[in-house]
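Atoms within each ligand, like the ligands themselves, are counted from 1 in listed order.
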Amino acid sequence: MKNLEIKDLSSWPVDVSTRPMVIAGPCSAETEEQVMDAARGIKAAGIPIFRAGIWKPRTRPNSFEGIGAKGLIWLQKVKEEFGLITATEVANARHVELALGAGVDILWIGARTTVNPFAVQEIADALRGHDIPVLVKNPINPDLELWMGAIERLHAVGLTRLAAIHRGFSTYQKLKYRNDPQWQIPIELKRRMPQLPIFCDPSHITGDRDLLEEIAQKSMDLNYEGLIIESHCKPEEAWSDAKQQLTPVALQELLANLVLRDPEAPNELVDNTLGELRHLIDDFDQKLLELLENRMQVAKTIGHYKKENNITVLQNKRWGSILEKSMEIGKKKGFSEQFINSLFKAIHQESINQQEEIMNS
Ligand code: PEP
Ligand code: MN
């Protein structure tokens, strides 16, 4: 598919002279007072775009599912009183109609909606003819095609001010973060859609206000264009996502602590040094592939031998001991368990595939 024409952030109704572009505000609009208090704090923190969820896609029923359309009037007040740009989530055509009618400036599609092409198409159809900026959160499952598909559906109805939000991916296993970042997925999105601005959502990645800064910093080091962060004046009392929200003052401090590095080398010396180091990396990559090729030759020989002797491809005990030994050595070498685990699983899977081919030839 050819590159989509996506306008950069300078086409958005926001000043883009400072990086990152920040969207902040409460997870949910709860009461008029809470919304106005949060907006006052966000304005004072120098943040240009105010977010608040009006309709909340909650995992379980009987938790707070959003204040609904009356919250849109509060967002109008936020615009009038503080001159902030407003943003909210839409999950169906009715939401789009109401949000556009109330003059919301920016919309986003939530992770639970991006997974559903019918829902995304319904939203896209409702947006035809309105070139409002729309941000698309990654789907809750790690499926890049689904994420790209949602962006393509919006682009197909004429929207050109689009951006992605990386909010991490749901996992069954409890990890350090609420949602596993899987950084390779947004990096690959950027490779395939280079013009698409990417925002990081450290709130939904971490689920924990104490971890927001490390994720926000990492996203800046990966050249993300923006951040969307949940902020509430009384975070512990928030009706949704209480653990991950922080006060506007704490948010201002977090933003001030971020170190913003340059995506390009500042001078020739740095450029040359980087070039030399990259040559070394390229050499190592080449050697790694040659080693893997040699390893695979041996695996294939084993495959022929298993076939002749009528032995199954997989010997669980043997595989268990390879993984265990590699984990132990890898740990000593300073690699994370997760890295060794996925590296060896990928190598093992390829060996199995190649041996299967031999068995069935
Ligand atoms: C949100 O931003 O409030 C939200 C519901 O996020 P997500 O769709 O990422 O869960
Ligand atoms: Mn939330």
If you have a sec, work out which protein heavy atom is nearest atom 9 (O) of ligand 1 and how many Å separate them, to one decimal? Arg167 NE, 2.6 Å
Do the rings of His95 and Trp55 sit parallel, tilted or perpendicular, given the 30° and 60° boundaries? parallel
Heavy-atom proximity to atom 6 (O) of ligand 1, picking from Arg51, Arg112, Arg58, Lys137, points to Lys137
Atoms of ligand 1 less than 4.0 Å from Gly110 heavy atoms? 8 (O)
Within-4.5 Å side-chain heavy-atom neighbours: Ile229 and Leu246: yes
Can you tell me how the ring of Trp183 sits relative to the ring of His166, calling it parallel under 30°, perpendicular over 60° and tilted otherwise? perpendicular
Which angle, to the nearest 10 degrees, do you find at the Mn ion (ligand 2) between NE2 in His204 and SG in Cys27? 170°
Protein residue, atom and distance nearest to atom 5 (C) of ligand 1, heavy-atom basis: Glu89 OE1, 3.5 Å
Ser351 meets the side-chain hydrogen bond (donor to acceptor under 3.5 Å, both in side chains) criterion, sequence neighbours left out, with Arg295
Min side-chain heavy-atom separation Leu189-Met148 under 4.5 Å: yes
How close does the nearest protein non-hydrogen atom get to atom 8 (O) of ligand 1, and which residue and atom is it? Ala111 N, 2.8 Å
Report the nearest protein non-hydrogen atom to atom 1 (C) of ligand 1: residue, atom name, distance rounded to 0.1 Å. His204 CE1, 3.2 Å
